[in-house]
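What follows is one structure encoded as structure tokens, with my remarks underneath.
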Amino acid sequence: MWQQEMLDQFAEEIKNGALVNRAVSEADTGSPTRGGRPATHAIKTEKGYQLNGVKTFTSMSKALTHYIVAAYVEELEEVGFFLVPREFKGVEIADNWNMIGMRATESHDLVLNDVIVPEEYFVEGKRKPQPNGWILHIPSTYLGIAQAARDYAVEFAKSYGPNSIEGTIANLPTVQQNVGKMESLLLSARHFLWSTAKGYQTIEDNPNVWNETAASKVLVMNQGLTVIDLAMRIVGAKSLEMERPLQRYYRDMRAGLHNPPMEDAAYTNIAKSVLDLF
């Protein structure tokens with residue numbers, strides 16, 4: 001969608017170490033998948049466009065060198081995306097990320113105060129709705145957390161042996177049942193995610209790939225929560241100790257419930273596509 005000259009210029013910056021993320025979410029609009037119009041707005045000026053607004057959940061905000069900002073372009077009466085380098089005057093990080101989970105994402109608010117960007121930095125105009133595989137990075141992240149919880153619980157079970165039993169707790173039927181449940185859930189989630197990703201390679205033959213994309217997030221998220229719960233049952237009270245990673249995996253996994261698409265929106269959209277077939 002970008003002009004080739006701008007794309008080439010930005011590609012060189014990426015090769016030289018630039019980091020970028022999209023800034024879409026806002027407190028007033030909620031999840032971007034629900035279609036709210038951004039309060040961040042862009043006004044055409046003699047020097048390009050003037051941006052004002054606040055973006056929430058700007059992950060890696062302090063490490064980023066560029067932001068791709070969604071804004072309502074008043075002259076066009078539509079939403080567009082602007083490439084905003086960190087060094088532009090008026091770009092600030094609010095330093096207000098204070099959550100119990102996903103702390104390391106540094107998802108502070110991005111504040112834009114009368115930021116002037118050249119006209120060529122208006123990189124994307126109105127986009128036609130279409131399946132977008134980028135959202136698969138969300139369930140992929142949470143699948144990784146669930147796998148890490150499984151790994152920790154298995155290592156713990158193989159090494160922990162209280163004097164009330166012979167050997168380690170890995171020999172207990174209850175622990176083995178929970179390990180089997182964890183592995184089955186992970187296998188299901190992993191293969192569903194792989195299958196969905198593969199659908200984008202031949203997207204013309206997969207008209208329902210968006211349903212699979214939304215469902216994969218819901219499935220991986222819910223099954224991942226169960227995996228971590230089972231892992232904590234294996235480890236027991238020690239899983240709550242702050243120096244052990246399981247308590248962090250638990251807190252981080254809960255954050256996924258609020259990443260788009262939300263469960264209710266995913267189910268509603270899937271249901272509508274099915275109902276339209278009859």
Side-chain angles (χ1 to χ4, degrees), residues 1-2 6-7 9-33 36 38-40 42 51-71 79-113 115 117 121-124 127 132-149 193 197 213 216-217 220-221 224 245 247-262:
M1 296 182 66
W2 292 30
M6 192 66 195
L7 186 60
Q9 175 185 323
F10 187 52
E12 285 300 320
E13 296 191 49
I14 292 292
K15 285 165 62 178
N16 291 326
L19 290 172
V20 65
N21 195 4
R22 284 187 185 269
V24 180
S25 299
E26 293 184 0
D28 291 341
T29 61
S31 169
T33 58
T40 301
L51 304 182
N52 279 283
V54 178
K55 293 296 184 181
T56 57
F57 302 109
T58 312
S59 295
M60 296 175 61
S61 56
K62 291 185 176 181
L64 297 175
T65 59
H66 296 76
Y67 312 90
I68 301 177
V69 177
V79 177
F81 285 84
F82 295 82
L83 180 64
V84 181
R86 173 75 177 270
E87 70 269 14
F88 276 18
K89 185 178 179 181
V91 176
E92 299 176 12
I93 303 299
D95 201 9
N96 58 355
W97 184 242
N98 188 27
M99 299 287 186
I100 67 166
M102 287 292 184
R103 293 177 180 174
T105 66
E106 292 275 8
S107 302
H108 305 285
D109 287 358
L110 171 67
V111 182
L112 305 165
N113 292 315
V115 178
V117 297
Y121 281 67
F122 181 9
V123 290
E124 298 175 17
R127 298 189 292 179
N132 194 341
W134 74 268
I135 206 168
L136 292 176
H137 81 277
I138 294 174
S140 299
T141 297
Y142 292 106
L143 177 61
I145 297 172
Q147 290 175 170
L193 199 54
T213 304
S216 69
K217 188 265 180 176
V220 171
M221 191 69 248
Q247 52 78 26
R248 186 178 77 250
Y249 299 153
Y250 175 78
R251 291 185 288 105
D252 287 349
M253 183 64 78
R254 301 298 301 182
L257 294 171
H258 312 290
N259 283 127
M262 309 304 187

- Task: Output yes when a side-chain donor or acceptor of Asn21 lies under 3.5 Å from a complementary backbone atom of Ser59, and no otherwise.
- Result: yes

- Full working for ring pair (Phe, Tyr, Trp, His ring centres under 6.0 Å) between Phe82 and Phe88: CA-CA 12 Å; Phe82 295 82; Phe88 276 18; over 10 Å; no

- For the student: nearest non-hydrogen atoms of Thr40 and Val54, plus distance: OG1-N, 3.7 Å

- Any residue meeting side-chain hydrogen bond (donor to acceptor under 3.5 Å, both in side chains) with Lys217, in chain and number order, not counting sequence neighbours: none

- Task: Check whether any side-chain heavy atom of Phe10 lies under 4.5 Å from a side-chain heavy atom of His66, and answer yes or no.
- Result: yes

- Message: So, applying side-chain contact (heavy atoms from CB on, under 4.5 Å) with Val91, which one of Leu110, Val69, Asn113 is it?
- Response: Leu110

- Heavy-atom neighbours of Phe57 CZ exceed 12 at 6.0 Å: no

- Message: So which atom in Glu26 and which in Ala39 form the shortest heavy-atom distance, rounded to 0.1 Å?
- Response: OE1-N, 2.6 Å

- Message: Quick one, Arg248 with Ile145, criterion side chain to side chain contact (heavy atoms under 4.5 Å, CB included). Give me CA distance, side-chain angles, the key distance, then yes/no.
- Response: CA-CA 9 Å; Arg248 186 178 77 250; Ile145 297 172; over 6 Å; no

- OH of Tyr142 to CG of Leu257, rounded to nearest 0.5 Å, is 8.5 Å

- Closest approach of Ala70 and Pro38, non-hydrogen atoms and distance? O-CB, 4.3 Å

- Message: Tell me whether Asn16 at atom CG has more than 12 heavy atoms from other residues, nucleotides or ligands lying less than 6.0 Å away.
- Response: yes

- Task: Considering non-hydrogen atoms only, spot the tightest contact between Ala255 and Met102 and give its length.
- Result: CB-CG, 3.7 Å

- Query: Where the side chain of Ser216 meets the backbone of Leu193, is there a donor-acceptor pair that is under 3.5 Å apart?
  - Reply: no

- Partner residues of Arg22 under the salt bridge (Lys or Arg N to Asp or Glu O under 4.0 Å) criterion, sequence neighbours left out: Glu124

- Note on the structure: Separation between CG (Leu83) and CH2 (Trp2), nearest 0.5 Å, reads 4.5 Å

- Message: Using only atom types and a distance under 3.5 Å, with no angle test, would you say the side chain of Tyr121 pairs donor to acceptor with the backbone of Met6?
- Response: no

- Where Lys55 and Thr58 come nearest, the two heavy atoms and their spacing: O-OG1, 3.4 Å

- Query: Counting N and O atoms only, with roles assigned by atom type, does the side chain of Ser61 sit under 3.5 Å from a partner on the main chain of Ser107, one being a donor and the other an acceptor?
  - Reply: no

- List for me each residue that meets side-chain hydrogen bond (donor to acceptor under 3.5 Å, both in side chains) alongside Arg103, sequence neighbours excluded, and say none if there are none. none

- Note on the structure: Scanning both residues in full, the closest heavy-atom pair of Tyr67 with Arg86 reads OH-CD, 3.1 Å

- Please report the C-alpha distance between Leu112 and Asn52 in whole Å, then the side-chain angles of each, then the deciding distance to 0.1 Å, and finally whether the side chain to side chain contact (heavy atoms under 4.5 Å, CB included) criterion is met. CA-CA 5 Å; Leu112 305 165; Asn52 279 283; 5.7 Å; no

- Query: So, Arg251 side chain and Met99 main chain: donor-acceptor pair closer than 3.5 Å or not?
  - Reply: no

- Query: Taking the side chain as C-beta and beyond, is there a heavy-atom pair between Thr65 and Glu13 under 4.5 Å?
  - Reply: no

- Message: Within this structure, what is the CG-CD1 distance for the pair Leu143 and Ile138, rounded to the nearest 0.5 Å?
- Response: 14.0 Å

